[in-house]
Amino acid sequence: MSELHAPILDWYAAHARDLPWRHPDASPWSVLVSEVMLQQTPVSRVLPAHDAWLQRWPTPAALAADAPGDAVRMWGRLGYPRRALRLHAAALAMTERHGGEVPSTYDELRALPGIGDYTASAVLSFAFGQARPVLDTNVRRVHWRTLRGAEFPPDAVRAHERRDAAYLLPDDDATAATWSVAVMELGALVCTARDPRCGACPVAELCAWRAEGHPPHDGPPRRGQAWAGTDRQCRGRLMAVVREADGAVHLSRLEAVWADDAQRDRCLAGLVADGLLVPAGPTAYALP
DNA sequence: CAGACGTGGGT
DNA sequence: TACCCAAGTCT
């Protein structure tokens, strides 16, 4: 255990948010759903969606029994609706291969659609209490600041980051799981990307970035995501129309929300290829 | 491995 | 207002 552990664990014990998927009785399925929803979507928007989802589909088998389009509609405005599709596919796989249970090994989790390294590790750690290094954007930022004195981590995870995370992981399973969520929470609430609250940080005295006077990011400029006029915006508009509709939607209603014919057609084809939409006749589309 | 992939809220 | 950001995954 390094000198970081006690202060961060104590801080977490005092300041952790009370989130449903952290309750002792939260099922692995509840944890898995939360992790997928939290991929690139803020906690505040996940909270009600997670509650409604678990209400409707308390188990993977329950979700698997419904159409994938139901999952996409239930996903609502969380963004990246492919996650809903993959979660449904994962529920199907769990029902077929794992007796309707969330698997508890890394390889089995990684084999599920939409479950990458982070989510697999998070589920093992938070749902099954296994000691696994968990490397998300919060953890990476905390590590780069405290250990390396840099404001932001680079785009790609470096090998040493996994080494650091593994080295810092407590041996004891339960402590390891708490440690991982504690570092994430610290990154989410205190060691934030913008305007970090160093005054409230339990390890401010140990932080390399603070010791060096908060040097600004000096790597390659972080690329933002274009939005206006992009296919992503177009796809979002199209999906919103179909999601809000009862059944199949005629092409004319899709034309109404995106003027550029070529781009709209391309996006429609893309959405069909992704499985987010299915053609319903020559001029209509529906959820799968 | 760089780029695609939604959405809404904070500053 | 415009830009930044939020517990990533997949190709």
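Below, chain A is the first sequence line, B the second, and so on; all start at residue 1. Just the heavy atoms: all of them, side chains too, but no hydrogens, waters or symmetry mates, feed the values below.
Summary of the strand contacts: A/R235 and A/D155 both lie near DNA chain B, and taking for each the nucleotide with the nearest heavy atom, the more 5' one is attributed to A/D155. Judged by closest nucleotide on DNA chain C, A/F152 is the one of A/F152 and A/A120 placed further toward the 5' end. Summary of the strand contacts: A/G187 and A/R194 both lie near DNA chain C, and taking for each the nucleotide with the nearest heavy atom, the more 5' one is attributed to A/R194. Both A/A156 and A/T41 lie close to DNA chain B; mapped to their nearest nucleotides by heavy-atom distance, the more 5′-ward contact belongs to A/A156.
Rounding to the nearest 0.5 Å gives a distance of 6.5 Å between CG of A/L251 and OG1 of A/T283.
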Kindly indicate, with the supporting measurements, whether the criterion side chain to side chain contact (heavy atoms under 4.5 Å, CB included) is fulfilled by A/L85 and A/V72.
-> CA-CA 6 Å; A/L85 221 44; A/V72 173; 3.8 Å; yes
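In this structure, A/E185 places its CD atom 14 Å from C1' of C/dA6, rounding to the nearest Å. Atom NE2 of A/H217 and atom P of C/dC4 are 12 Å apart (whole Å). A straight line from CG of A/L85 to C1' of C/dC10 spans 14 Å, rounded to a whole angstrom. Protein atom CG of A/L135 is 12 Å distant from nucleotide atom C1' of C/dA7, rounded to whole Å. Taking atom CH2 on A/W227 and atom P on C/dT1, their separation rounds to 18 Å, with Å as the unit. At whole-Å resolution of the value, NE2 in A/H143 and C1' in C/dA7 are 14 Å apart. A/E244 has its CD atom 14 Å from the C1' atom of B/dG6, to the nearest Å. If you take CE of A/M184 and C1' of C/dA6, they are 11 Å apart, rounded to a whole angstrom.
A/R140 comes within 4.0 angstrom of no nucleic acid atom, judged by non-hydrogen atoms across all strands. Within 4.0 Å of A/R232, counting heavy atoms only, lies at least one base atom of the nucleic acid. Counting any heavy atom pair closer than 4.0 Å across all strands shown, A/L238 reaches no nucleic acid atom. Note on A/G79: a base of the nucleic acid sits closer than 4.0 angstrom, heavy atoms only. Within the nucleic acid shown, A/T230 has no heavy atom closer than 4.0 Å to any nucleic acid atom. Residue A/D117 is in sugar-phosphate contact alone, with no base atom involved, counting any heavy-atom pair closer than 4.0 Å across all strands shown. Contact annotation for A/A193: backbone-only contact, meaning every heavy-atom pair under 4.0 Å involves sugar-phosphate atoms and none involves a base. Contacts of A/Q233 with the nucleic acid, taken as non-hydrogen atoms under 4.0 Å apart, are absent. Here A/G114 lies in heavy-atom contact (under 4.0 Å) with sugar-phosphate atoms only. In this structure, A/W21 reaches the bases: a heavy-atom distance under 4.0 Å links it to at least one base atom across the strands shown. In this structure, A/D195 reaches neither bases nor backbone, as no heavy-atom distance under 4.0 Å exists between it and the strands shown. Note on A/L78: a base of the nucleic acid sits closer than 4.0 angstrom, heavy atoms only.
Here the separation of B/dA4 from C/dA7, taken at their P atoms, is 22 Å to the nearest Å.
A cation-pi arrangement is present between A/R145 and A/F152, with the terminal nitrogen or guanidinium carbon under 6.0 Å from the aromatic centre and inside a 45° cone about the axis.
Among the nucleotides C/dA7, C/dG8, B/dG6, the one closest to the side chain of A/R22 is C/dA7. Set against C/dA7, B/dG6, C/dA6, the side chain of A/R83 has B/dG6 as its closest nucleotide. Closest to the side chain of A/R77, from the set B/dG6, B/dG8, C/dT9, is B/dG8. Of all nucleotides listed (C/dG8, C/dA7, B/dC5), B/dC5 comes nearest to the side chain of A/D231. The nucleotide whose nearest atom lies closest to any side-chain atom of A/R243 is, among B/dC5, C/dA7, B/dT7, B/dT7.
Distances shown here put every side-chain N or O of A/R86 at or beyond 4.0 Å from the OP1 or OP2 atom of C/dT9. A sub-4.0 Å separation between OP1 or OP2 of C/dA6 and a side-chain N or O of A/R141 is present. A/Q39 has no side-chain polar atom (N or O) that falls below the 4.0 Å cut-off from OP1 or OP2 of C/dA7. A close approach under 4.0 Å does not occur between any side-chain nitrogen or oxygen of A/R45 and OP1 or OP2 of C/dC5. A/T192 has no side-chain polar atom (N or O) that falls below the 4.0 Å cut-off from OP1 or OP2 of C/dC5.
Of the possible polar contacts, none joining the A/D173 side chain to the A/Q130 backbone as a donor-acceptor pair under 3.5 Å is found. Judged by distance alone, with hydrogens and angles left aside, the side-chain atoms of A/R148 form no donor-acceptor pair with the main-chain N or O of A/P153 at under 3.5 Å. A donor-acceptor distance shorter than 3.5 angstrom exists from the side chain of A/R141 to the backbone of A/G187, with no hydrogens or angles considered. In this structure, A/Q263 contributes its side chain and A/G229 its backbone to a donor-acceptor pair below 3.5 Å.
You won't find any donor-acceptor pair under 3.5 Å spanning the side chain of A/T137 and the base of C/dG8, going by distance alone. Residue side chain A/R82 does not reach the base of C/dT9 through any donor-acceptor N/O pair under 3.5 Å, judged by distance alone.
Under a cut-off of 6.0 angstrom, the local environment of CD in A/E244 is crowded, with over 12 non-hydrogen atoms contributed by other residues, nucleotides or ligands.
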